[in-house]
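Inspection log for the structure reproduced underneath, given as structure tokens.
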Amino acid sequence: MTSEPRIVYTAVYDTLADWEVGAAIAYLNNPELQREPGSLMVRTVGRGTEPVTTGGGMRVLPDVDLAEVELDRAAALILPGASLWDQGDELAGFAELARDFLDAGRPVAAICGATFGLAKAGLLDTRAHTSNDPGYLAASGYAGSARYRDEPAVTDGNVITATSLAPFHFAHQVFAALDVYEPQVLDAWFRLFAERDPSAYAVLAEHGA
């Protein structure tokens with residue numbers, strides 16, 4: 001009997017930066033070239049189930065609300081950036097959800113403003129991490145500034161962080177954490193999209209044949 005796919009929950013809320021997680025969720029949801037096709041599925045999670053409007057003006061209907069997340073089926077949590085992250089506590093529930101994921105040993109991937117939310121919740125105090133700028137995170141009042149790394153994306157244990165300027169680096173580290181692709185496919189994907197290396201396309205085509 002085929003087991004149920006693991007769920008990669010992607011948080012959705014007003015003002016979320018569509019472009020920051022587009023590559024990650026598109027390829028997670030596409031079984032082509034994956035090590036175990038069909039083993040993952042992407043589902044959106046909101047504060048409720050009312051539509052939200054992204055920074056790009058797209059209306060998204062969450063699949064579930066925060067209370068309906070199934071941790072036993074969860075593979076990871078992806079937190080996109082959004083202007084709301086550093087404008088109050090409206091998204092604090094998602095930082096607490098991240099804490100639940102980490103307590104359960106599940107990866108959490110945060111990019112741009114979502115790193116501010118993790119920092120404010122104390123989840124970056126003891127972990128190497130990155131963001132848009134060290135001063136940006138410092139405004140959260142967190143105690144992890146010594147662990148800040150000036151890199152496009154950083155993975156420390158089950159926490160992945162990235163600057164808003166590196167959606168492909170972000171996706172690459174999400175794929176690595178979830179063991180989505182064989183190493184040579186993962187490397188070729190990164191070289192093609194992040195480094196614009198046309199020779200990598202042949203590698204992907206070979207494995208897709």
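No hydrogens, no waters, no symmetry mates; every other heavy atom, side chains included, goes into these values.
- Atom OG1 of Thr115 and atom CD1 of Ile160 lie 13.5 Å apart (nearest 0.5 Å).
- Residues Ile111 and Pro167 come closest through the heavy atom pair CD1-CA, 4.3 Å.
- Pairs passing the side chain to side chain donor-acceptor pair (under 3.5 Å) check and including a residue from residues 145-158, sequence neighbours excluded, read Thr155-Gln173.
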Distance-only criterion, 3.5 Å: show the donor-acceptor pairs between side-chain atoms of residues 116-123 and protein atoms not counting sequence neighbours.
| residue | atom | partner | partner atom | Å |
| --- | --- | --- | --- | --- |
| Lys120 | NZ | Asp89 | OD1 | 2.8 |

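- Residues Val8 and Leu28 come closest through the heavy atom pair CG1-CD1, 3.8 Å.
- Note on Leu97: it does not cluster hydrophobically with Val21, by side-chain heavy-atom contacts below 4.5 Å among ILVMFWY residues.
- Listed by first and then second residue, the ring-ring contact (aromatic ring centres under 6.0 Å, His included) pairs involving residues 47-79 amount to none (not counting sequence neighbours).
- The two residues Gly46 and Pro62 make their nearest non-hydrogen contact at N-CB, 3.7 Å.
- Under the 4.5 Å side-chain heavy-atom criterion for ILVMFWY residues, a single connected hydrophobic cluster contains both Val108 and Leu137.
- Going from atom CG of Leu204 over to atom CG of Leu186 covers 10.0 Å, rounded to the nearest 0.5 Å.
- From Ser140, atom OG reaches atom CG of Leu124 across 8.0 Å, with rounding to the nearest 0.5 Å.
- Listed by first and then second residue, the salt bridge (charged side-chain N to carboxylate O under 4.0 Å, His left out) pairs that reach into residues 162-182 are Arg35-Asp179, Arg35-Glu182, sequence neighbours excluded.
- Pairs passing the salt bridge (charged side-chain N to carboxylate O under 4.0 Å, His left out) check and including a residue from residues 12-27, sequence neighbours excluded, do not occur.
- Checking side-chain atoms of Thr161 against main-chain N and O of Thr130 turns up a donor-acceptor pair under 3.5 Å.
- Hydrophobic clustering of Ile, Leu, Val, Met, Phe, Trp and Tyr side chains at less than 4.5 Å, counting indirect connections, unites Leu40 with Ile25.
- Leu178 and Ala76 get closest at one heavy-atom pair: CD2-CB, 4.0 Å.
- Other residues, nucleotides and ligands contribute more than 12 heavy atoms inside 6.0 Å of the CD atom of Glu195.
- Two different hydrophobic clusters hold Val42 and Leu77 under the rule that ILVMFWY side chains link at heavy-atom gaps under 4.5 Å.
- Distance check, rounded to the nearest 0.5 Å: OH of Tyr181 to CD of Glu32 gives 8.5 Å.
- Separation of atoms CG (Leu91) and CG (Leu79) is listed at 9.5 Å; rounding is to 0.5 Å.
- Heavy atoms only, all atoms of each residue included: Val203 and Arg191 are closest at CG2-NH2, 3.9 Å.
- Other residues, nucleotides and ligands place more than 12 heavy atoms under 6.0 Å from the CD atom of Gln87.
- In this structure a side-chain-to-backbone donor-acceptor pair under 3.5 Å is present from Arg106 to Ala74.
- Screening residues 54-100 for ring-ring contact (aromatic ring centres under 6.0 Å, His included) gives Tyr13-Trp85, Tyr13-Phe94 as the qualifying pairs, with residues at least two apart or on separate chains.
- For Asn30, the side chain to side chain donor-acceptor pair (under 3.5 Å) criterion is met by no residue, not counting sequence neighbours.
- Annotation for Leu16 and Ala11: closest pair CD2-O, 4.1 Å, computed over non-hydrogen atoms.
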Report task. Kindly indicate, with the supporting measurements, whether the criterion side-chain contact (heavy atoms from CB on, under 4.5 Å) is fulfilled by Leu66 and Val45. Result -> CA-CA 6 Å; Leu66 288 166; Val45 53; 4.2 Å; yes
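- Two different hydrophobic clusters hold Val174 and Val12 under the rule that ILVMFWY side chains link at heavy-atom gaps under 4.5 Å.
- In this structure, CZ on Arg43 lies 10.5 Å from OG1 on Thr10, to the nearest 0.5 angstrom.
- Applying the ring-ring contact (aromatic ring centres under 6.0 Å, His included) test to pairs two or more places apart or on separate chains, those with a residue in residues 20-62 are Tyr27-Trp189, Tyr27-Phe193.
- Applying the salt bridge (Lys or Arg N to Asp or Glu O under 4.0 Å) rule to Glu90 yields the partners Arg47; only residues at least two apart in sequence or on another chain are considered.
- For Asp100, there are no salt bridge (Lys or Arg N to Asp or Glu O under 4.0 Å) partners at least two apart in sequence or on another chain.
- Within the structure, side chain to side chain donor-acceptor pair (under 3.5 Å) pairs that include any residue of residues 59-75 comprise Thr44-Asp63 (at least two apart or interchain).
- In this view, Asp133 satisfies the salt bridge (Lys or Arg N to Asp or Glu O under 4.0 Å) rule with no residue, not counting sequence neighbours.
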